[in-house]
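Data first, discussion second: the structure below is written as structure tokens.
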Amino acid sequence: MLPGSTFEEIQQIPVGLRKRKASITSTHSNTMDQKVVLIFFLGGVTYAEIAALRFLSQQEDGPADYIIATTKLINGKTWLEAIMENVVPEEGNPFLM
């Protein structure tokens with residue numbers, strides 16, 4: 001857990017925006033309390049991580065909807081650029097050109 005104060009705020013979602021979960025009989029549908037989770041990726045998030053959260057959200061018995069916030073979207077190119085080392089060629093070293 002991160003140090004510092006935390007807070008939890010519960011807001012009611014308007015009935016028209018809630019997910020409807022089908023009951024056993026098709027004539028009745030049940031609107032349950034829907035949770036919305038804010039997920040903040042500090043440092044970046046990959047498209048695969050976003051896809052996994054979208055998949056979880058679309059499940060029939062999914063516990064929540066997810067709002068994703070991030071400082072950066074990461075793909076293969078940006079990930080490799082972040083871990084690459086800048087090499088300055090040395091005089092007389094034939095392997096570093």
Side-chain angles (χ1 to χ4, degrees):
M1 200 76 182
L2 295 175
S5 61
T6 61
F7 69 94
E8 182 175 330
E9 183 176 338
I10 299 174
Q11 298 179 345
Q12 297 298 322
I13 299 174
V15 176
L17 297 178
R18 293 183 188 171
K19 282 186 181 177
R20 296 187 183 271
K21 300 211 179 217
S23 63
I24 295 174
T25 61
S26 61
T27 57
H28 297 87
S29 62
N30 184 12
T31 58
M32 301 175 67
D33 289 334
Q34 178 185 1
K35 292 184 180 182
V36 178
V37 178
L38 171 65
I39 301 174
F40 192 89
F41 289 93
L42 186 62
V45 64
T46 64
Y47 291 102
E49 291 166 327
I50 293 172
L53 289 170
R54 290 181 68 190
F55 176 78
L56 288 175
S57 177
Q58 292 173 355
Q59 296 300 305
E60 184 66 32
D61 57 346
D65 283 336
Y66 302 100
I67 298 174
I68 302 168
T70 184
T71 56
K72 185 176 185 179
L73 283 173
I74 300 173
N75 59 23
K77 181 181 176 187
T78 58
W79 181 74
L80 286 175
E81 288 173 350
I83 64 169
M84 284 177 51
E85 181 179 324
N86 288 332
V87 178
V88 179
E90 295 179 15
E91 296 284 331
N93 188 344
F95 298 107
L96 297 176
M97 292 187 173

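Sequential numbering from 1 along the given sequence is applied to the chain's residues.
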Test side chain to side chain contact (heavy atoms under 4.5 Å, CB included) applied to Ile74 and Val45, step by step: CA-CA 6 Å; Ile74 300 173; Val45 64; over 6 Å; no

Evaluation steps, side chain to side chain contact (heavy atoms under 4.5 Å, CB included), between Ile39 and Ile67: CA-CA 6 Å; Ile39 301 174; Ile67 298 174; over 6 Å; no

Candidate pair Asn75 and Trp79, rule side chain to side chain contact (heavy atoms under 4.5 Å, CB included), full reasoning: CA-CA 6 Å; Asn75 59 23; Trp79 181 74; over 6 Å; no

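Minimum heavy-atom separation, Thr70 to Phe40: N-CE1, 4.1 Å. Between Ala64 and Val37 the shortest heavy-atom distance is CB-CG2, 3.7 Å.
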For a quick test of your reading: what N or O donor-acceptor pairs under 3.5 Å do the side chains of residues 47-55 make, sequence neighbours left out?
{"unit_1": "Glu49", "atom_1": "OE1", "unit_2": "Thr46", "atom_2": "N", "d": "2.9"}
{"unit_1": "Glu49", "atom_1": "OE1", "unit_2": "Thr46", "atom_2": "OG1", "d": "3.2"}

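Expressed to the nearest 0.5 Å, how far OH of Tyr66 lies from CD1 of Ile68 amounts to 10.0 Å.
For the pair Ser57 (side chain) and Asp65 (backbone), a donor-acceptor distance under 3.5 Å is absent.
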